[in-house]
Chemist: 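Mind looking over this structure? Questions follow.
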Amino acid sequence: VTKKIIIAIDGPVGSGKSTVARRVAELLGYTHLDSGAMYRAIALKAMRKGVSLDDAAAMTMLAALTRIELVPGENGARVRVDGEDVTAEIRSPEMSRAASQLAVLEGVRQPLVKLQQSMGTAGGVVMEGRDIGSVVFPQAELKVFLDASVEERARRRLAEHRERGVEMSYEQMVEEVRARDKRDTGREVSPLRRAEDAVYVDCTAMDAEEAARLIVMLARAKAEEPGTTQR
Ligand code: DC
């Protein structure tokens, strides 16, 4: 039998991680896990409760007392916070910004990393994020670093926002993507970086389907490798 491996997909904002990871999971019959959704979920709760995102002690407490669930569903996974479905709400630009802000806190990351690890131990998962190959699953059989040019990522994000009725100029979006890159790669705790053993996939000139099929091909090769541990 083919082994069920762990696939870690990391990359910057707008690289297409979510679309690609979802499609890879679909093609392989694996579970797609979006770790960014967890950071967004914590951000939403903090904003609602009026907890300041840079109050490390309060945020640590809040993260420890929050129950986050990713529930597989027909139209992609649902995200629940303390039992409430927040899937749609966490997709706003505000939550994206807030998540990036609180993701610098060790006390927030720790419980989320634990949760992510517990969800992946059985294998058969495609987890996307910033530190999946480097911190969450350093033992993942396949690590992919998905990238694209800043301009292309800004165009993709702009299209996504338009679909949701959020208007922004292209110049504004390029600035926002640059700022997000700076924060995600520049933070001290688990910065976004390419794991040494990650396959670098530049999908500037690839659509999501092409990138997904490329990753599926790599995954099949890994799963068939003699040294791959049976889970
Ligand atoms: O992938 P995303 O845009 O939904 O993630 C939102 C923010 O959460 C992102 O700016 C950085 C943070 N994040 C993280 O620090 N580590 C992860 N594994 C996933 C997301």
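Computed from heavy atoms alone, side chains included, the values below leave out hydrogens, waters and symmetry copies. Numbering of ligands and ligand atoms starts at 1, following listing order.
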Chemist: Could you list which atoms of ligand 1 come closer than 4.0 Å to a heavy atom of D131?
Modeler: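 In order of numbering, the contacting atoms are 16 (N), 17 (C), 18 (N).
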Chemist: Taking NZ, NE, NH1 and NH2 as the nitrogens, is one of them in E94 or R97 under 4.0 Å from a carboxylate oxygen of the other?
Modeler: no
Chemist: Can you name the atoms of ligand 1, numbered from 1 with element, that are less than 4.0 Å from a heavy atom of G129?
Modeler: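 It comes down to these atoms of ligand 1: 18 (N), 19 (C).
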Chemist: So, are D34 and R22 salt-bridged, with charged N and O less than 4.0 Å apart?
Modeler: no
Chemist: Any N/O of D34 closer than 3.5 Å to an N/O of ligand 1?
Modeler: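 No; every N/O pair is 3.5 Å or more apart.
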Chemist: Is the shortest distance from a heavy atom of Q116 to ligand 1 less than 4.0 Å?
Modeler: no
Chemist: So, E176 side chain and M173 main chain: donor-acceptor pair closer than 3.5 Å or not?
Modeler: no
Chemist: With heavy atoms under 4.0 Å as the rule, classify the contact between E128 and ligand 1 as side chain, backbone, both or neither.
Modeler: neither
Chemist: Just which atoms of ligand 1 are under 4.0 Å from any heavy atom in S35?
Modeler: 17 (C), 18 (N), 19 (C)
Chemist: I would like to know whether T185 and R130 meet side-chain hydrogen bond (donor to acceptor under 3.5 Å, both in side chains); could you show each step before the answer?
Modeler: CA-CA 9 Å; T185 58; R130 303 291 187 287; over 6 Å; no
Chemist: Can you sort out which atoms of ligand 1 are near G36, meaning under 4.0 Å from one of its heavy atoms?
Modeler: 4 (O), 5 (O), 19 (C), 20 (C)
Chemist: Considering the options V113, V189, L192, which one meets the side-chain contact (heavy atoms from CB on, under 4.5 Å) requirement together with D131?
Modeler: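 That would be V113.
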Chemist: What residue and atom, counting heavy atoms only, is the protein's closest point to atom 7 (C) of ligand 1, and at what distance?
Modeler: A99 CB, 3.7 Å
Chemist: Scan R48, R164, R80, R78 and name whichever one has a salt bridge (Lys or Arg N to Asp or Glu O under 4.0 Å) with E89.
Modeler: R48
Chemist: Would you check whether R40 has a nitrogen or oxygen atom less than 3.5 angstrom from a nitrogen or oxygen atom of ligand 1?
Modeler: yes
Chemist: Do the side chains of D82 and R67 get close enough for a salt bridge, i.e. N-O under 4.0 angstrom?
Modeler: no
Chemist: Which of the numbered atoms in ligand 1 are below 4.0 angstrom from a heavy atom of A103?
Modeler: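 This gives 12 (C), 15 (O) as the contact atoms.
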Chemist: Using a heavy-atom cut-off of under 4.0 Å, does the side chain or the backbone of R183 touch ligand 1, or both, or neither?
Modeler: neither
Chemist: Identify the residue among E210, E128, E209 that makes a salt bridge (Lys or Arg N to Asp or Glu O under 4.0 Å) with R23.
Modeler: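 Of E210, E128, E209, salt bridge (Lys or Arg N to Asp or Glu O under 4.0 Å) with R23 is met by E209 alone.
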Chemist: Counting non-hydrogen protein atoms only, what is the nearest one to atom 8 (O) of ligand 1? Give residue, atom name and distance.
Modeler: Y39 CB, 3.6 Å
Chemist: Has T204 got a side-chain atom pairing as donor or acceptor with S149's backbone, closer than 3.5 angstrom?
Modeler: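 A pair under 3.5 Å: yes.
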Chemist: Consider ligand 1: state whether an atom of it lies below 4.0 angstrom from any non-hydrogen atom of R109.
Modeler: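 Flag set, R109 near ligand 1.
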Chemist: Is the contact between M95 and ligand 1 made by the side chain, the backbone, both, or neither, using heavy atoms and a 4.0 Å cut-off?
Modeler: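 For M95, no heavy atom sits under 4.0 Å from ligand 1.
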Chemist: For atom 10 (O) of ligand 1, find the nearest protein heavy atom and state the residue, atom name and distance (0.1 Å precision).
Modeler: S100 CB, 3.1 Å
Chemist: Looking only at protein heavy atoms, which one is nearest to atom 9 (C) of ligand 1, and how far off is it?
Modeler: R130 NH2, 3.4 Å
Chemist: Given that the side chain starts at C-beta and the backbone is N, CA, C, O, which of these parts of D184 lies under 4.0 Å from ligand 1, counting heavy atoms, or is it both or neither?
Modeler: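 Side chain only.
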Chemist: Is it the case that the side chain of R162 and the backbone of G165 share a donor-acceptor pair, with hydrogens and angles ignored and the cut-off at 3.5 Å?
Modeler: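 No; judged by distance alone, with no hydrogens or angles, the pair does not exist.
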Chemist: Check each atom of ligand 1 against the heavy atoms of R180 and keep those under 4.0 Å away; list them by number with element.
Modeler: 10 (O)
Chemist: Output yes when R156 and E152 qualify as a salt bridge under the 4.0 Å nitrogen-oxygen rule, no when they do not.
Modeler: yes
